[in-house]
Amino acid sequence: SVHFNDPKYPQQWHLVSPVLQCAVSGGGLLTISLFSRLHPSPEGSYDLNSNDPDPMPHPDVENGNHHGTRCAGEIAAVPNNSFCAVGVAYGSRIAGIRVLDGPLTDSMEAVAFNKHYQINDIYSCSWGPDDDGKTVDGPHQLGKAALQHGVIAGRQGFGSIFVVASGNGGQHNDNCNYDGYANSIYTVTIGAVDEEGHMPFYAEECASMLAVTFSGGDKMLRSIVTTDWDLQKGTGCTEGHTGTSAAAPLAAGMIALMLQVRPCLTWRDVQHIIVFTATRYEDRRAEWVTNEAGFSHSHQHGFGLLNAWRLVNAAKIWTSVPYLASYVSPMLKENKAIPQSPRSLEVLWNVSRMDLEMSGLKTLEHVAVTVSITHPRRGSLELKLFCPSGMMSLIGAPRSMDSDPNGFNDWTFSTVRCWGERARGTYRLVVRDVGDESFQVGILRQWQLTLYGSVWSPVDIRDRQRLLESAMSGKYLHDDFALPCPPGLKIPEEDGYTITPNTLKTLVLVGCFTVFWTVYYMLEVYLSQRNVASNQVCRSGPCHWPHRSRKAKEEGTELESVPLCSSKDPDEVETESRGLPTTSDLLVPDLLEQGDWSLSQNKSTLDCPHQHLDDLLHGKEEQIC
Amino acid sequence: LAGTGGPDGQGPGGPSWAVHLESLKGDGEEETLEQQADALAQAAGLVNAGRIGELQGHYLFVQPAGHRPALEVEAIRQQVEAVLAGHEAVRWHSEQRLLRRAKR
């Protein structure tokens with residue numbers, strides 16, 4: 001029942017949601033992708049590649065710089081402008097940070113993650129390390145510090161929301177646990193699912209994936225319709241946006257809808273609501289497993305498909321999750337050999353009540369394992385983590401293309417599969433070598449367990465699940481229901497908004513134009529006043545110009561009134577009647593400054609009403625009436 | 001590898017270093033840290049390009065503009081490492097390398 005006049009709206013198959021009927025469109029919120037013809041937020045934008053405030057894309061050889069405009073359109077394409085498509089959160093404002101079109105360093109990444117972080121609420125990052133099935137990389141020291149600083153201080157202290165795409169390395173058996181952005185506890189990791197509910201060929205399995213949203217699939221299946229750039233071959237609209245690049249912005253848009261109904265959701269509230277509301281759907285290959293808290297997770301689909309209706313209804317009534325509690329085990333030195341499959345090395349660590357007493361941690365959110373392993377071929381290693389409930393997470397998946405001989409050096413894997421389960425108990429790490437044959441045995445040097453969660457008990461989790469299900473009818477969506485929302489903190493930013501050079505030039509031009517017209521207008525008014533005054537004097541007969549003594553003239557004490565324009569060439573006039581100053585003498589700019597001249601009409605020039613002041617101003621002697 | 005356009009900008013000019021400073025006066029004031037950073041950058045023969053985003057105490061040092069032969073750059077690199085590694089206020093430092101990131 002919701003209609004827009006945007007021509008491609010009917011083809012936006014992923015937009016069907018009753019949320020649109022309730023006028024929830026993400027108004028007043030900002031998210032970030034790349035600048036486009038939406039409702040731009042220049043104050044949230046920046047171009048790190050060119051180091052200026054304008055994030056507009058530059059044409060490139062591979063014709064790949066349309067990427068950001070496509071992501072931006074998915075989030076906030078304007079409805080009812082008869083152009084292209086509609087964004088998930090078309091009421092939100094979009095900013096852009098250009099960072100992928102040039103050399104990138106750790107310090108630039110750190111700047112990007114916190115850029116205008118009191119203005120931007122959500123950072124939609126459809127990029128990451130190479131998805132080639134042999135890379136192990138993520139944020140370095142500064143990038144990590146910036147992500148952490150963002151969730152602590154961003155968005156007035158409620159925490160920046162970082163949405164990242166889980167990766168397109170499916171064809172190389174890649175896994176997003178080898179991507180430090182995707183397995184970070186500070187990011188919402190989003191995968192893709194095609195319109196038939198299957199994992200697309202390019203998607204990656206991952207124990208730290210939170211949920212999936214729609215994107216393109218095989219050739220026969222539809223991709224995402226969104227805005228496009230209009231440079232090079234671009235037409236401003238596309239039906240071919242796909243990959244996990246297309247999935248992440250849809251999630252960012254839905255999160256914007258959540259923040260519209262409840263702006264004070266913290267970054268952890270958002271993750272919890274995703275876990276509580278994502279929907280499982282039938283896909284035999286997905287291997288869904290339900291954990292002890294009743295949440296079903298699949299390495300292919302996370303906790304399931306994001307659903308805007310469920311997200312927004314849950315957000316409306318959500319009261320904040322308690323503080324983040326964590327527990328870090330000692331560094332567990334093992335130095336044990338990793339056997340060839342089917343045998344495996346199993347190491348345990350028991351987390352007791354005493355261990356958790358200090359932090360108060362009761363139920364889990366993210367669980368992280370940091371390992372150091374030496375092995376001649378990294379891709380042959382398989383690592384599984386078992387939580388106290390027995391829930392298994394494949395955190396280190398074998399990768400046939402990864403022949404790196406350096407193994408893992410303090411690499412952190414993570415899983416969300418034990419979300420909501422009790423934290424106390426024994427954790428098992430099972431490592432095995434699935435390589436064909438290995439002349440040199442792999443060694444597990446050391447490992448460390450880190451638990452993140454809250455003081456919520458399993459009962460609290462179940463109560464919250466029941467409360468959310470009761471809200472799914474939409475009864476709380478109407479405007480007069482609103483829980484109190486604290487305003488947030490006033491946190492200054494390093495550098496505020498800087499006007500773009502183009503804007504500055506425009507302002508200078510307009511300014512000069514205004515000044516010119518002001519002076520012009522003032523002169524015209526002043527001269528015409530003077531003209532009225534001299535008419536009264538001439539009406540009683542020929543005009544008598546009082547002869548001014550030289551002294552009075554120099555002192556400028558006497559009002560000077562002379563004919564506006566002469567009937568002869570001024571030079572001639574100059575020689576014939578020495579005492580009568582010519583027009584050009586009086587109207588040259590330097591006399592204007594003295595201000596003692598006046599505009600007057602000669603008796604023989606009544607027929608020159610069409611005289612323009614600017615001719616006078618420019619001392620055009622030849623203007624003979 | 002930032003140009004002289006400040007830490008926000010561009011990427012490779014020449015080698016650059018990120019430095020995490022601890023305020024020697026213990027007050028952690030921004031101004032003190034900034035002065036400290038300027039002095040340290042000068043001592044290392046570099047220019048303080050400013051604070052890195054919103055990360056307090058983190059600064060980017062870049063080489064003064066101008067082209068240098070490779071041998072000289074290597075010598076500069078060693079000198080900078082020596083100065084930064086030996087300075088009491090430097091909690092951490094790292095030469096900035098190019099990262100491979102791809103659109104998804």
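- When each of A:G243, A:S126, A:P129, A:A146 is checked for heavy-atom pairs under 4.5 Å with chain B, A:P129 comes out on top.
- Around the CD atom of B:Q42, the shell of radius 6.0 Å holds no more than 12 heavy atoms that belong to other residues, nucleotides or ligands.
- For A:S166, the part lying near chain B is the backbone, with the side chain staying farther off; criterion is any non-hydrogen pair under 4.5 Å.
- One N or O on the side chain of B:R104 and one on the backbone of A:A165 form a donor-acceptor pair closer than 3.5 Å.
- In this structure, chain B has heavy atoms under 4.5 Å from both the backbone and the side chain of A:D106.
- Interface residue A:Y181: only side-chain heavy atoms are found under 4.5 Å from chain B.
- Using a 4.5 Å heavy-atom cutoff, the side chains of A:H149 and B:L55 are in contact.
- Partner of B:R101 under the salt bridge (charged side-chain N to carboxylate O under 4.0 Å, His left out) criterion, out of A:D179, A:D137, A:D130: A:D137 alone.
- B:K103 and A:N65 form a side-chain donor-acceptor contact under 3.5 Å, judged by distance and modelled atom types alone.
- Between A:L142 and B:I52, the closest side-chain pair of non-hydrogen atoms falls below 4.5 Å.
- If you take OG on A:S160 and CD on B:E54, they are separated by 9.5 Å, rounding to the nearest 0.5 Å.
- A:Y117 touches chain B through its side chain: at least one heavy atom from C-beta onward sits under 4.5 Å away, while N, CA, C and O do not.
- In plain terms, the two heavy atoms of B:L99 and A:T105 that are nearest each other are CD1-C, 3.7 Å.
- Here the side chain of A:N114 pairs no donor or acceptor atom with the backbone of B:G53 at under 3.5 angstrom.
- Between atom CD of residue B:Q96 and atom NE2 of residue A:H140 there is a gap of 9.5 Å, rounded to the nearest 0.5 Å.
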